[in-house]
Amino acid sequence: MLKPTQKHLKNYFSIGCISIFLLSCTGDLNSNRDHLVFRYNEYANLNTLDPAFSRTLQDNSACNQLFNGLVQFDQNLNILPSIAKHWTVSNDGIYYKFTLRKDVFFHKHPLFGKDSTRLVTAEDFTYSLNRLRNPKIAAPGSWVLNKVDDFEALSDTVFQIKLKQPFPAFIGLLTMKYCSVVPKEIVDYYGDEFRSHPIGTGPFKFKRWEENIKLVFRRNELYFEKDSHGQAIPYLEAVAITFLPDKQSEFLQFAQGNIDFLNSLDASYKDELLTADGNLRTSYAKQVNMIRGPYLNTEYLGFYLDSETPEIQSEWIRKAINYGFDRKKMMIYLRNGIGNPANGGFIPIGLPGYSQAIGYTYQPEKAKQLIEKFKTETGILNPEVTLNTTSNYLSFCEFIQRELQKAGLKINVDVMPEATLRSARSNGKVDLFRSSWIADYLDAENYLSIFYSKNFAPYGSNYFHFKSDLLDSLYNKAFTITHIEERKLLYTKMDSIAMQKAIMVPLYYDEVVRFTRKNVKGLGINPINLLDLRYVRKD
């Protein structure tokens with residue numbers, strides 16, 4: 001095959017870019033084809049369009065439009081076929097065998113030769129997963145294959161993965177964008193620049209990216225999935241993404257009808273948009289739809305148990321903080337009712353293993369008694385701790401600070417840049433820190449790994465340096481159990497062990513909240529807040 005020159009590639013992309021430029025400029029988005037273009041803003045910006053490096057929610061949402069893997073999940077987190085039309089798992093839980101569809105094509109590109117595309121085969125998955133775990137590539141998603149022993153293409157349409165040990169949550173890992181299929185000839189040609197020249201199999205194909213300004217996708221006319229009526233999807237013609245870094249400016253663009261979608265609720269406009277109890281204000285109800293549902297994200301305060309500070313070492317003080325503030329009141333005042341008070345454990349609502357029975361309720365008198373007990377036993381008459389946070393969560397920390405002061409505990413709030421706090425948390429430099437845990441994959445084991453003693457930070461995610469032989473044994477046992485109800489009981493037990501020791505203070509279980517213009521249909525939500533535009537229409 002004759003390899004295209006840079007000049008040929010430039011001409012190829014110029015033709016496409018001219019047409020999409022005409023479609024996607026601000027003036028033209030108000031034309032009679034406006035209903036075919038979905039417009040949104042990504043204030044946090046994008047790092048990459050290479051799925052192997054897609055580690056943030058915004059990167060994943062963009063890559064989700066461009067790439068597919070073997071499997072996918074629906075809005076209820078059920079694992080469904082994608083490029084694999086079906087699969088089997090051996091009785092010992094070691095071998096996963098996937099049978100691929102025969103109608104999945106890569107997005108068109110001149111490097112594919114005469115037809116400008118080609119069929120996806122099992123060998124493409126061998127290449128993609130080898131690339132993911134190649135140490136020279138150093139992809140942040142390589143960890144998803146830690147329990148994989150080997151994989152191979154048994155034929156053009158059969159792909160097999162062998163695990164090192166049974167791991168019931170493994171199929172959920174394969175839904176992550178890290179495991180997307182990519183074409184060898186395109187990746188080899190672009191190298192590191194594949195991040196801005198992505199070719200996948202997804203419902204939309206890449207057209208143009210002016211970093212920090214605009215990103216444009218176009219409909220993939222070769223996309224293999226259809227809706228329940230047999231109609232080709234996606235329905236949209238294009239997706240246009242801007243990168244205004246300010247949330248207030250993003251909201252103004254939405255209010256003026258210049259973008260179709262808001263994917264967050266920010267303090268700068270929450271009272272403008274919502275009532276105190278979380279309903280749309282009358283002035284917006286005729287123009288805007290709000291959809292909300294559980295988000296697999298637990299916001300919490302964490303204690304570093306290897307601290308030499310007596311207050312941090314004291315279970316009484318740790319429990320007092322858990323009992324000492326009203327989570328429901330906090331959510332109403334600071335989040336307009338968006339989110340669920342974390343009266344359960346670390347596992348959030350929506351995952352098997354969640355239990356409200358193992359958490360802490362608001363009991364201010366009990367908090368006072370525990371603090372008094374600490375004073376009596378230690379002789380420390382003015383106990384105090386320092387809580388480290390970022391500016392985004394300052395209001396929450398100040399709320400807790402005021403409430404615990406009433407119970408006799410002084411909390412000093414120290415605001416840090418996010419990167420500084422992340423580093424300090426990992427290296428045991430902060431006694432008490434605010435953090436969050438968003439599900440990486442669809443199993444509560446993902447949450448419980450933070451308690452496992454072999455995952456001590458900085459080499460793992462156990463930022464608390466919590467060690468429990470009982471929890472460790474239950475954690476290891478869970479890998480051998482495939483029955484979900486049995487695993488669920490183990491998960492709840494592990495969560496309860498950590499909560500009994502009060503190694504953290506769960507604050508709230510977040511909610512996905514999305515706002516769209518009234519003419520947007522079919523967007524939906526899912527508990528990991530991943531953007532899926534396959535079924536979106538604009539009237």
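All values reported here derive from a predicted model rather than from experimental measurement.
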- Item | Ser423 side-chain N/O to Ala419 backbone N/O, donor-acceptor pair under 3.5 Å | no

- Say whether, by atom type as modelled, one donor and one acceptor occur between the side chain of Asn220 and the main chain of Gly202 under 3.5 angstrom. yes

- Message: If you count every heavy atom of other residues, nucleotides or ligands that lies below 6.0 Å from Lys184 atom NZ, does the total exceed 12?
- Response: no

- Item | Set of residues satisfying salt bridge (charged side-chain N to carboxylate O under 4.0 Å, His left out) with respect to Lys162, sequence neighbours excluded | Asp149

- Query: Is there a donor-acceptor contact under 3.5 Å from the side chain of Gln72 to the main chain of Pro81?
  - Reply: yes

- Message: When you compare the side chains of Thr121 and Asp156, does any donor N or O come within less than 3.5 Å of an acceptor on the partner?
- Response: no

- Message: Using a 6.0 Å cut-off, check whether atom CG of Asp74 has over 12 heavy atoms from anything other than its own residue.
- Response: yes

- Note on the structure: Sorted by chain and residue number, the salt bridge (charged side-chain N to carboxylate O under 4.0 Å, His left out) partners of Arg118 (sequence neighbours excluded) come out as Asp124, Glu185

- Query: Is there a donor-acceptor pair closer than 3.5 Å between any side-chain N or O of Thr175 and the backbone N or O of Gly172?
  - Reply: yes

- Message: For Tyr96 and Phe170, take the angle between the two ring planes, folded into 0 to 90°, and tell me which bin it lands in: parallel under 30, tilted 30 to 60, perpendicular over 60.
- Response: perpendicular

- Task: Give me the ring orientation class for Tyr284 and Phe251: parallel if the planes are under 30° apart, tilted from 30 to 60°, perpendicular past 60°.
- Result: tilted

- Message: Restricting to salt bridge (charged side-chain N to carboxylate O under 4.0 Å, His left out), what partner residues turn up for Asp271, sequence neighbours left out?
- Response: none

- Item | Partners meeting side chain to side chain donor-acceptor pair (under 3.5 Å) with Arg101 (sequence neighbours left out) | Asp103

- Item | Tyr447 side chain vs Trp437 backbone, donor-acceptor pair below 3.5 Å | yes

- Got a sec: does the CD of Glu418 have more than 12 other heavy atoms crowding it under 6.0 Å? no

- Query: Would you find a donor on one side and an acceptor on the other, under 3.5 Å apart, between the side chain of Gln253 and the backbone of Ser249?
  - Reply: no

- Non-neighbouring partners of Asp266 that pass salt bridge (charged side-chain N to carboxylate O under 4.0 Å, His left out), sequence neighbours left out: Lys247

- All heavy atoms of Ile291 vs all of Gly524, minimum pair found to be CD1-O, 3.5 Å

Tabulate below the donor-acceptor pairs under 3.5 Å that side-chain atoms of residues 44-52 make, not counting sequence neighbours, or state none.
{"from": "Asn45", "atom 1": "ND2", "to": "Asn212", "atom 2": "OD1", "distance (Å)": "2.7"}
{"from": "Asn47", "atom 1": "ND2", "to": "Asp59", "atom 2": "OD2", "distance (Å)": "3.1"}
{"from": "Thr48", "atom 1": "OG1", "to": "Asp50", "atom 2": "N", "distance (Å)": "2.9"}
{"from": "Asp50", "atom 1": "OD1", "to": "Ala52", "atom 2": "N", "distance (Å)": "3.1"}
{"from": "Asp50", "atom 1": "OD1", "to": "Arg131", "atom 2": "NH1", "distance (Å)": "3.2"}
{"from": "Asp50", "atom 1": "OD2", "to": "Arg131", "atom 2": "NH2", "distance (Å)": "2.4"}

